[in-house]
Amino acid sequence: MKHFLKVLKITFLFSALIVQTVLSQSFSEVRVGKSQRNFSSPAIEKEIQQMQQSIQDKELAWMFGNCFPNTLDRTVKFGKREGKNDTFVITGDIYAMWLRDCSAQVWPYLPFMREDKELQNLIQGVINRQVKCVLIDPYANAFNYGTEGSGWASDNTNMRPELHERKWEVDGLCYVIRLGYHYWKMTGDYSCFDNQWHKAMQTIVNTFKEQQRKNSKGPYRFTRKTNKASDTLFGDGYGNPVRPTGMICSMFRPSDDATTYAYLVPSNCFAVISLRQLAEMETAIRHDNAFAIECNTLANEVDHGIKRYAIVNHPTYGKIFAYEVDGYGNYLMMDDANVPSLLSLPYLGYLPATDKIYQNTRRFVWSLDNPYFYKGKAAEGIGGPHIGDNMIWPMSIIMRALTSNNEAEIADCLRMLKQTHSSTGFMHESFNKDKPEYYTRYWFAWSNTLFGELLIKIKEEHPTLQQRQY
């Protein structure tokens with residue numbers, strides 16, 4: 001009898017294993033149907049088909065087919081406005097357009113514009129919409145489609161009906177420049193860089209200068225009635241005091257959380273690159289050498305401030321970048337998952353991944369010495385105060401892989417991403433380090449397209465990783 005029960009138990013376990021294997025190889029359709037898609041690109045569809053044929057891990061291939069087109073499928077509203085291409089891009093489950101998110105969401109599609117003129121028009125529409133947003137208010141981080149107002153209308157700042165939220169974030173304006181610059185580089189088209197665009201770029205530079213706070217705190221203030229400290233600013237809406245350093249004050253992080261010290265280092269690194277890109281555009285397209293010099297001069301000031309004030313000596317890791325500083329000698333040692341982050345500096349082009357200080361910083365941010373690094377049963381990665389303890393953002397795992405040339409490290413990242421999407425086929429904002437079925441934001445388009453960008457980079461630079469099972 002005991003022998004029979006033992007055989008029965010083995011048979012049951014074997015049968016369960018077969019069923020589990022069969023189920024794991026068949027994945028349900030979770031991508032929105034063709035008739036419901038907001039925009040369809042033949043070039044993107046071709047890439048999806050080719051990628052799904054070349055990726056040997058069928059679950060990863062399925063995830064790519066869901067995630068990569070997600071921005072086009074569901075978040076874009078493309079048309080004409082005042083005779084120009086116009087594209088409004090929501091973040092996913094929040095119906096508003098963040099300057100940062102919309103740029104990042106369409107970023108992986110830029111190489112496909114050569115094959116698809118309508119896709120190029122759509123991305124040009126994003127640039128045109130961003131110009132209008134900057135001219136409405138360069139201090140706002142998120143915008144409505146029209147003048148419908150928002151739930152944050154009671155914030156103590158200069159709210160307008162076109163604004164969804166008015167949190168001043170340096171990186172939002174950097175992303176506007178980044179998208180325009182690479183659109184130009186990849187297409188050679190500069191038809192959208194007209195007088196309105198130039199006016200918006202001047203507005204960006206003037207805003208950056210105001211927030212260097214050399215002579216005053218500038219015009220921006222923000223407070224909110226809230227029980228969440230990271231959703232409002234100290235100092236009567238101006239934040240904690242800073243001493244002028246040449247860097248630019250950012251009152252909020254890419255996570256939309258308030259900064260502790262206003263010189264947010266990753267965003268200032270991003271500004272250096274963006275200002276130099278803008279100078280190149282103004283010289284080549286507009287032939288405005290005076291403004292190009294102004295951009296480069298500001299970039300050099302910011303870069304000098306970073307090198308003087310933002311590099312600190314850590315007792316374990318040596319010279320590393322601080323996350324935030326104030327010019328008085330105070331600094332915050334952490335990293336956040338949102339981009340720009342310290343981890344993402346090579347991805348943004350500020351320095352090579354081989355840079356010694358970056359490598360020291362990388363070891364710090366991917367360790368328990370970073371207060372927002374978590375290591376659990378399901379995965380390890382970086383989170384941030386926006387969601388709270390023990391919540392890892394897939395974006396941090398993706399960025400670790402995007403900034404690595406180590407195939408073992410990249411493979412480990414792919415394994416974690418595959419094992420933590422909680423059978424949804426999509427990336428999320430964050431998940432619990434031990435229980436990935438507990439996640440935030442079921443629909444976060446930026447993380448989805450960033451995941452697609454990673455798999456395409458792996459195809460191009462590490463093709464052998466496509467042949468593995470994770």
**Asked** Would you say the side chain of L110 lies within less than 4.5 Å of the side chain of I123, judging by non-hydrogen atoms?
**Response** yes

**Request:** Using only heavy-atom distances, determine whether the side chains of T316 and R363 contain a donor-acceptor pair under 3.5 Å.
**Result:** no

**Any donor-acceptor N or O pair under 3.5 Å, side chains Y183, Q120** = yes

**Item:** Validation row: R362, R400 side chains within 4.5 angstrom (heavy atoms)
**Value:** yes

**Request:** State, without any angle test, whether W62 and Q52 hold a side-chain donor-acceptor pair at a distance under 3.5 Å.
**Result:** no

**Request:** Using ring pair (Phe, Tyr, Trp, His ring centres under 6.0 Å) as the criterion, point out the one residue from W168, F222, Y139 that pairs with F252.
**Result:** F222

**Item:** Any Q36 side-chain heavy atom under 4.5 Å of R31 side chain
**Value:** no

**Prompt:** Rounded to the nearest 0.5 Å, how far does CG of L122 lie from NZ of K77?
**Reply:** 13.5 Å

**For the student: nearest non-hydrogen atoms of S430 and T440, plus distance** = OG-OG1, 2.6 Å

**Prompt:** Is any side-chain heavy atom of T361 less than 4.5 Å from a side-chain heavy atom of W366?
**Reply:** no

**Prompt:** Between D256 and R100, is the closest basic N to carboxylate O distance under 4.0 Å?
**Reply:** yes

**Item:** Pair H421 and F426, ring centroids less than 6.0 Å apart
**Value:** no

**Message:** Can you see whether W107 has R178 sitting over its ring - NZ or CZ less than 6.0 Å from the centre and within 45° of the normal?
**Reply:** yes

**Message:** Using the rule ring pair (Phe, Tyr, Trp, His ring centres under 6.0 Å), only one of Y145, W98, F88 pairs with H164; which is it?
**Reply:** W98

**Message:** Has T157 got a side-chain atom pairing as donor or acceptor with R221's backbone, closer than 3.5 angstrom?
**Reply:** yes

**Prompt:** Between D231 and K167, is the closest basic N to carboxylate O distance under 4.0 Å?
**Reply:** yes

**Prompt:** Is it true that the side chains of Y470 and Q419 contain a donor and an acceptor less than 3.5 Å apart?
**Reply:** no

**Request:** Determine whether the side chains of N141 and E165 contain a donor N or O and an acceptor N or O closer than 3.5 Å.
**Result:** yes

**Request:** For the residue pair R37 and L72, establish whether any side-chain heavy-atom pair is separated by less than 4.5 Å.
**Result:** no

**Message:** Tell me whether D137 is salt-bridged to R166, with the criterion being a basic N under 4.0 Å from an acidic carboxylate O.
**Reply:** yes

**Request:** Take D86 and R129 through the salt bridge (Lys or Arg N to Asp or Glu O under 4.0 Å) test and state the conclusion after the steps.
**Result:** CA-CA 6 Å; D86 177 73; R129 169 68 70 147; 3.0 Å; yes

**Asked** Got a salt bridge between K435 and E437, using NZ or NE/NH1/NH2 to carboxylate O under 4.0 Å?
**Response** no

**Request:** Check the pair Q56, R468 against side chain to side chain contact (heavy atoms under 4.5 Å, CB included), reporting the backbone distance first and the verdict last.
**Result:** CA-CA 6 Å; Q56 295 303 302; R468 299 186 189 180; over 6 Å; no

**Request:** For D101 and F444, run side chain to side chain contact (heavy atoms under 4.5 Å, CB included): C-alpha distance rounded to whole Å, both residues' side-chain angles, the deciding distance at 0.1 Å, then the answer.
**Result:** CA-CA 10 Å; D101 292 53; F444 186 33; 3.8 Å; yes

**Item:** Exercise: do D116 and S41 side chains pair donor with acceptor under 3.5 Å
**Value:** yes

**Fill in**
Heavy-atom closest pair (E47 atom, F64 atom, distance to 0.1 Å) is O-CE2, 4.3 Å

**Qualifying residue for side-chain contact (heavy atoms from CB on, under 4.5 Å) with L454, from I397, T449, L414** = L414

**Request:** May I ask you to check whether Q130 and S103 show a side-chain donor-acceptor distance below 3.5 Å?
**Result:** yes

**Item:** Student check: side-chain heavy atoms of M395 and L450 closer than 4.5 Å
**Value:** yes

**Centroid-centroid distance, Y331 to Y309, less than 6.0 Å** = no

**Request:** Verify whether one side chain among D257 and S255 offers a donor that lies under 3.5 Å from an acceptor in the other.
**Result:** yes

**Request:** Kindly assign one of parallel, tilted or perpendicular to the pair Y175 and F270, based on the angle between their ring planes and the thresholds 30° and 60°.
**Result:** perpendicular

**Message:** Does T91 form a side chain to side chain donor-acceptor pair (under 3.5 Å) with R441? I'd like the steps, not just the answer.
**Reply:** CA-CA 11 Å; T91 68; R441 293 193 69 182; 2.9 Å; yes

**Message:** Please determine whether side chain to side chain contact (heavy atoms under 4.5 Å, CB included) holds for the pair Y328 and T245, giving the CA-CA distance in whole Å, both sets of side-chain angles, and the decisive distance to 0.1 Å.
**Reply:** CA-CA 9 Å; Y328 287 103; T245 63; over 6 Å; no

**Prompt:** When you look at OH of Y438, are more than 12 heavy atoms from neighbouring residues, nucleotides or ligands closer to it than 6.0 Å?
**Reply:** no

**Prompt:** Do L119 and Y109 have side chains that get closer than 4.5 Å, going by heavy atoms?
**Reply:** yes

**Request:** Decide yes or no for F143 and L99: does some side-chain heavy atom of the first lie under 4.5 Å from some side-chain heavy atom of the second?
**Result:** yes

**Message:** With a 3.5 Å distance limit and no angle check, can you tell me whether N268 reaches the backbone of I248 through a side-chain donor-acceptor pair?
**Reply:** yes

**Message:** Which heavy atom of L465 sits nearest to which heavy atom of A411, and what is that distance?
**Reply:** CD2-CB, 4.2 Å

**Complete:** side-chain hydrogen bond (donor to acceptor under 3.5 Å, both in side chains) test vs D57 passes for just one of K418, Q466, Q467, R415, namely K418

**Message:** Do S404 and E409 pair up side chain to side chain, a donor and an acceptor below 3.5 Å, judged on atom types alone?
**Reply:** yes

**Shortest non-hydrogen contact between L343 and P346, atoms and distance** = O-CD, 3.6 Å

**Message:** Show the nearest heavy-atom pair for residues D171 and S267, with the distance to one decimal.
**Reply:** CB-OG, 3.8 Å

**Item:** Between Y220 and N158, a side-chain donor and acceptor under 3.5 Å
**Value:** no

**Message:** Let me confirm one number: the CE-NZ distance from M391 to K433, rounded to the nearest 0.5 Å.
**Reply:** 11.5 Å

**Donor on one side chain, acceptor on other, T259 and R253, under 3.5 Å** = no

**Prompt:** Stepwise, does the side chain to side chain donor-acceptor pair (under 3.5 Å) test hold for Y347 with E453?
**Reply:** CA-CA 12 Å; Y347 172 79; E453 180 182 351; 3.1 Å; yes

**Asked** Under 3.5 Å, is there a donor-acceptor pair between the W443 and N70 side chains?
**Response** yes

**Criterion side chain to side chain contact (heavy atoms under 4.5 Å, CB included) on F39 and T87, from CA distance to verdict** = CA-CA 11 Å; F39 185 91; T87 310; over 6 Å; no

**Prompt:** When the ring planes of F321 and Y350 are compared, do they come out parallel, tilted or perpendicular, using 30° and 60° as the limits?
**Reply:** perpendicular

**Asked** What do you reckon, are the aromatic ring centroids of H428 and W393 less than 6.0 Å apart?
**Response** no

